[in-house]
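This report concerns only the one structure given below.
Chain letters run A, B, ... following the sequence lines, proteins first and then strands; every chain starts at 1.
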Protein chains: 2
Amino acid sequence: MVKRTSFEGDACPIARSLDAIGDWWSLLIIREALFGLRRFGEFQSKLGMAKNILSARLRSMVDHGILTMAPASDGSAYQEYVLTPKGRGTFPILVALRQWSEEFDDRPEAIATILVDREKGRPVKKLEMRAEDGRLLTPADTMLKPRPVPRRRSA
Amino acid sequence: MVKRTSFEGDACPIARSLDAIGDWWSLLIIREALFGLRRFGEFQSKLGMAKNILSARLRSMVDHGILTMAPASDGSAYQEYVLTPKGRGTFPILVALRQWSEEFDDRPEAIATILVDREKGRPVKKLEMRAEDGRLLTPADTMLKPRPVPRRRSA
DNA sequence: GGCACATGGTTTTATGATGCAACCACACAA
DNA sequence: TTGTGTGGTTGCATCATAAAACCATGTGCC
């Protein structure tokens, strides 16, 4: 079978993330959800995507524990899609993507919005990687280590 | 024309990033490149992907200014693919993806490696979003503002 | 209850993207 | 010059996506 490659069995955490949210639409759906969208129709009209694709993506993200279907909220009998903690945990990914575009996009004038600190109205600081003790790290300051095997009793 | 949706004309910087590196393979290629891989064959055998797809992705990333083709380096007449500053700038995105998986993956035991600070050998700290003045920000502490129009003279 | 319309999808069908294998071009060595 | 490895491209089968039509249920109104 040819079947599009799945990274689900891969041991690399980056690949595993991409397996869940690495398609063309999921992160945009999450972006809208973070800004308060909840209903099928809201996502569909805001993103302008085909309904069948939206349907498939929502289902997939529910399966991955990123969204949950909540029964109501505004009284109507319809359902809503709300982010789980796991879903809200993607926020740094979105910020990183946004900042990368802000810094390196070939046509920065095409970018319509900037993310600001609500209190001061000033742009948020660039994400930076730090060690446990607070030292600023570059990619070269890091390395990969095998995951420590958690010790457990016989079984 | 049906044509897979392109976000190139989109004003959202997240969509613009995804247009460049939002496909299934690009970020994994960049991941390997950050760890020193440079040759076509290295990427191909390490990632186990089809050569035509690799070829297309490399070309696309060269077009996007993420990779450059450098003439040599080890004496042979072959070419190499090396990351540009824009390409190296994706590092926070990769770290964010990795940390998301480390924190929320359903099967954390399947994750093989952890990213550590080379000096101390300790895991790097979680990326955190901060305001210009250093306050820690949650998603709710932020908002989107229209991009300020840079002032320019008549034309 | 019965009707019209909105919401929230699924189905159908066409096309683009992906995966695999085969093939090709060139460099390098003998 | 023949052989082998690297670095791709080409062809073809299959999968995923997109757009539009269709359908089921909810909701408002009488």
For [N], take OP1 and OP2 only and decide whether either is under 4.0 Å from a side-chain N or O of [X].
X	N	value
A:Y78	D:dA24	no
B:S55	D:dG8	no
B:R39	D:dG7	yes

Calculate the interatomic distance between [X] atom [atom1] and [N] atom [atom2]; express it in whole Å.
X	N	atom1	atom2	answer
B:D23	C:dT18	CG	C1'	11 Å
B:Q44	D:dT6	CD	P	11 Å
A:L37	C:dG8	CG	C1'	15 Å
A:K51	D:dC22	NZ	P	13 Å
A:M49	D:dA19	CE	P	10 Å
B:I53	D:dA16	CD1	P	14 Å
A:L54	C:dT11	CG	P	16 Å
B:F40	C:dA25	CZ	P	17 Å

Check your understanding: Does B:N52 get its side chain close enough to the base of D:dG7, under 3.5 Å, for a donor-acceptor pair?
Key ->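 Per atom types, no contact qualifies.
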
Review point. In residues 57-69 of chain A, which residues come under 4.0 Å of DNA chain C by heavy atom?
Key: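 When residues 57-69 of chain A is checked for heavy atoms under 4.0 Å from DNA chain C, the hits, listed by number, are A:R59.
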
Kindly say whether [Y] contributes a backbone atom to a donor-acceptor pair with the side chain of [X] at under 3.5 angstrom?
X	Y	value
A:T84	A:G65	yes
A:R147	B:A112	no
B:E103	B:Q99	no
A:K145	B:L115	no

Practice item. Just compare C:dG8, D:dA18, D:dG8 and give me whichever is closest to any side-chain atom of A:W25. Key: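 Nearest listed nucleotide: D:dA18.
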
Revision key, fill the gap. With the side chain defined as heavy atoms from C-beta on, A:Y81 is closest, among C:dG9, D:dA18, D:dT9, to C:dG9

Point to revise | Sugar-phosphate only, base, or nothing, as touched by A:F43 at under 4.0 Å among non-hydrogen atoms | key: nothing

Point to revise | Shared hydrophobic cluster, B:I66 / B:L54 (ILVMFWY, side-chain heavy atoms < 4.5 Å) | key: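 Yes, it is one cluster - the side chains of B:I66 and B:L54 are joined through contacts under 4.5 Å.
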
**Study point:** salt bridge (charged side-chain N to carboxylate O under 4.0 Å, His left out) partner of A:D133, the single match among B:K125, B:K120, B:R122
**Key:** B:K120

Review point. Strictly by modelled atom types, are A:R31 and A:T90 linked by a side-chain donor-acceptor pair under 3.5 Å?
Key: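 There is no such pair between these side chains.
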
